[in-house]
Structure formats: C-alpha cells, structure tokens
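This one's a predicted model, so the numbers in the text were calculated from it and none came from an experiment. Keep in mind that the numbers below use all heavy atoms, side chains included, and drop hydrogens, waters and symmetry copies.
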Amino acid sequence: MDLRSYTDQYIAAFREDARALGLEQVEENPRATDECNLQAMADMVGALDRQGHTYRSDGSVYFKISTLPEYGRLARLDHEGMKSGARVDADSYAKEDARDFVLWKATKPGEPTWDFGAGPGRPGWHLECSAMALRLLGPPPIDIHAGGIDLVFPHHENEIAQSEGATGHPFSRFWVHVEHLFVDEQKMSKSLGNTYTIPDIVARGHRPSAVRYLLLSAHYRKSLNFTWVSLGQAEEALRRLTDFLSRLDAVSRPGARPDIAARIDAARTAFAAAMRDDLNTAAALGAIFELVRALNSAIDAGEMGTGDVPAIRDAFDRFDDVLGVLAVRRAEEQMPPIPVEEIERLIEDRHAARRRRDFAAADRVRDDLAARGVLLEDSAAGTKWKRK
RNA sequence: GGCGCCGUCGCCAAGUGGUAAGGCAGAGGUCUGCAAAACCUCCACCCCCGGUUCAAAUCCGGGCGGCGCCUCCA
C-alpha cells in the first residue's frame, strides 16, 4: 500500500467520526507530503536562512533559537531553567544549543526523502504546521490557533519561531488550548493505547450525541475524565432536553403568555453571557435546564399556549446553533432501530389492546419494543415513541 | 529541579470577595390501568491549617493529594 492510500484511510475515518459528532466539514485536509506543501516548507527554510535563523549540521537544518529573543513567550519558559533541565543532554543530535530544533532532517537510509530546495531529507516535526497554515490561511497573522495544552511547548512555541522568523509578522492573534481528555484517570493518548473511537462507543450502545454533550458539559480549559458512567449521565441529561422539546407538540391551548416570553428572554441572556465568558458551555447548559424546568412546569399547569411554542423552538434553535448537540440527536432519531411504519403499527395494536382493557397484551407490545430499542410513553395527547 | 493545571453533594459540573447554578443518581409525594415522562419537597459549612477582610469556595501563606509539559509521537 502506498503512503497516500494508507493515510486516506485515516482521513476517511476522521471525516466519518466528525460527521457523527456533528462537526462542520473542514475545508482542507493538507498533507505534509503533497508537493505544494513540501515546497512551502522548503521556501520557509529558505526565508529563515535569509533572516539568519538557521544553521546546518550533518545535512540537517536547525533553527537557532538564540536569534529570536521572543522565543518561549507563549509557554512562559524560563530560559535559564531550561538549560539546566535534566533531560536535554539525552539528545544525541548535533545541535549547537539544546533548545534548538530541527527544521529539515537529513536523509536516512530506508526513509522517504524529498528535495524542494532545503536539501535532500524530510520535514522536521513542526515545520509542516507553520508552512501549511500560512499557505492556506495566510498572510499572517492567522486569527486563531487551537490545540491541546500539551502542545504549547515545544510544538506551538516552535511554530511561532518558524513563522515569525520567516515572515517577520506575528503568527496568530489568539491561541486556544484545551485541557486533556482523560480515560479512567489517565491521559487519553495513542501511545498509551487507552483510546476509544466513535465506532467503539456506538458498539457499546451509546450515541455520538451523548459524547458531544459530555464534552460540552465541562469547560474546555479543564481536564475531562471520560468514563462510561459519565457518558450515561450525559445521555440522560440530553434526553431531558429532547423529551421537553417533544412535549411541546402536545401543547394545544390557544394564546401566549408574557411571563413565558420573559422566561425565554432571561434564559437567552444567561446563555449568551455564559458563552461570552470564555465559552462557558457548562454554565450555558445550566441556563437551558433552568428554562426547561420553568417551561415544563408551565405545561403541567396548563399555562402555556400554542402561541408560545414558536418562540420556545426558536430559542432552542439558537442555543443549538452554538452547541450543535440537538441537531446531532435529531439526525440519530431519523434512524430508529425499527422501521417507523412498524413502530406506528405496533402502537395501534397496543391501543386496540388497551381499549379492550387487555393490559397484558398492551404491556407485551411495549416490552417487546423496549427490548428492540424503542420506548413508548403515553400521555393525554397520545402515545409517543423514542429511541432508547 | 523548572513551568503550569486541578481538588466544590454518591457521580458529573458551574461559580474567582457578598453568603453554594445545573445535570445524573437517590428518598418521599402528585399524575397514570401499569410504566415512562413531568411537576413538588428533600439531599454541600466547597481537601486541611493559618492569615487578610465587615464578609473567603473565591485573595495571601503553608501543607496534603492528583495531573500535564520540560523526549525527533505529531
């Protein structure tokens, strides 16, 4: 299998998972080994050469950190402390300074090699990000650079050094770093092997919408410990939201209530304030649940009219424009485990049984459907079904 | 050793000076053929010890506990 086919598999899997989670499709999936990108990297090395930021050693090109006084600002590095760090001397490469990093690695026997002007070899581990980001999103500065907190140093620091050293302009206006995702108290990482894929989660009987909810339930700058228990709790919380929305269908009184409009307004204000506060999604969800309780209460008290419903739906649509979790859930509901016609036929059968007060038969229908992943709920307005 | 993060109810999780949001689970009740859903009621002196302040989960100091980065995995 050639390199391209190999990596295609992962790109396809990523796209599929992203779709399941309701992520917007990305415009670009740049590959470091595409010619246009290798050329951009070689050009960046050339620019760094001209600015005096590089040196060569054993056929590799290195970035000379002493030429960039700003180096380390993002990670708030203490240069003196770094020099006396315990592990730098483990490095076997021919660098002038322990902090220097490789831009372009010399060819090694048996490894792929390219030459676009920086000499025969392959890209260093940071160069591709700077070169591809500026090629696709430039000119600098780009607006936002995101990533995991573990990448602040050295990866992002080195991206800054390369980009700013080559262009003379700031690299990114904003840096957004997310804390780690843990699995059973351990950092989730490929090298530890403690990763779950979206297909793994689905195979366990959970839904991607629950994963999305779980990720929204904590602030992005706090680590989140994934457990199957918390995923189940996320599932239940999300269900409360969707159950509420489906209750709206049964509202039949005419008219609208000003106090309901006021409630909606207060929730929208609180939601927006929470999001404006460094994307506090957990607090934003809190505002939604407070609204749900107030509105459920109003429904029970017969104090909601059909005239209120559009405004409520609109508010939830606006919330979900931001959170994008209800849309994922709706897409999942489009694909019930049993054909909709069959569910509706069985509901009719059950109604017939209930009318003749054959509750055993009626319960049997409900239990059978439940065993197949569909739950029934009776109310004055009729019987609703939903996925388990 | 250097830099940084975290410790809030059984579980998840907001709250960074004014007396503890929200969700899940649980208990009791209302409704229901039964369920489910929903509603009502109940359920936290915020890891510990000092300090500052009229007032501290929030600020300061010191502990204890957990974690991340300081590796050519990107």
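Residue contacts shown for A:Asn280 are limited to sugar-phosphate atoms, with no base heavy atom under 4.0 Å away. Within 4.0 Å of A:Arg293, counting heavy atoms only, lie sugar-phosphate atoms of the nucleic acid but no base atom. A:Arg350 comes within contact range of at least one nucleobase, with a heavy-atom separation under 4.0 Å. Heavy atoms of A:Ile299 sit nowhere under 4.0 angstrom from any nucleic acid atom. If you check every strand for non-hydrogen atoms under 4.0 Å, A:Ala282 touches a base. Residue-level contact check: A:Glu236 touches the backbone only, with heavy atoms under 4.0 Å from sugar-phosphate atoms and none from bases. Residue A:His219 is in sugar-phosphate contact alone, with no base atom involved, counting any heavy-atom pair closer than 4.0 Å across all strands shown. Among the protein residues, A:Arg247 comes within range of the sugar-phosphate backbone only, with heavy atoms under 4.0 Å from sugar or phosphate atoms but none that close to a base. Within the nucleic acid shown, A:Leu238 has no heavy atom closer than 4.0 Å to any nucleic acid atom. At the heavy-atom level, A:His180 lies under 4.0 Å from the strands shown only through sugar-phosphate atoms.
Not a single donor-acceptor contact under 3.5 angstrom links the side-chain atoms of A:Glu290 to the base of B:G22. At a cut-off of 3.5 angstrom, the base of B:C34 holds at least one donor-acceptor pair with the side chain of A:Arg366. Remark: the A:Glu179 side chain and the B:C5 base include no donor-acceptor N/O pair separated by less than 3.5 Å. The base of B:C72 sits within donor-acceptor range of the side chain of A:Lys105, with an N or O pair under 3.5 Å.
Side chain of A:Lys222, nearest nucleotide from B:C6, B:C70, B:C40: B:C6. Among the nucleotides B:A14, B:A37, B:C70, the one closest to the side chain of A:Asp243 is B:A37. Closest approach to the A:Asp363 side chain among B:A13, B:G22, B:C34 is made by B:C34 (side chain taken as heavy atoms from C-beta onward). Here the side chain of A:Lys386 is nearest to one of B:A21, B:A37, B:C40, namely B:A37. Side-chain proximity of A:Asp150 to B:A38, B:C72, B:C69: nearest is B:C69.
Nucleotides B:U58 and B:U19 are separated by 12 Å at their C1' atoms, to the nearest Å. Rounded to a whole angstrom, the distance from the P atom of B:A44 to that of B:C69 is 38 Å.
Both distances falling under 3.5 Å, in either a Watson-Crick or a G-U wobble arrangement, occur for no nucleotide opposite B:C45. Of the nucleotides present, B:G66 is the one that pairs with B:C5 by Watson-Crick or G-U wobble criteria, both distances under 3.5 Å. Using Watson-Crick or G-U wobble geometry with both donor-acceptor distances under 3.5 Å, B:U32 finds no partner in any strand shown.
Centre separation under 5.5 Å together with a plane angle under 30° holds for the ring of A:Phe359 and the six-membered base ring of B:G33, marking them as stacked.
Position along RNA chain B of the nearest nucleotide to A:Val292 versus A:Arg357 favours A:Arg357 as the more 5'-ward residue. If you find the closest nucleotide of RNA chain B to A:Arg354 and to A:Ala294, the one lying nearer the 5' end belongs to A:Arg354.
Between the CG atom of A:Asp378 and the P atom of B:A35 there is a distance of 12 Å, rounded to whole Å.
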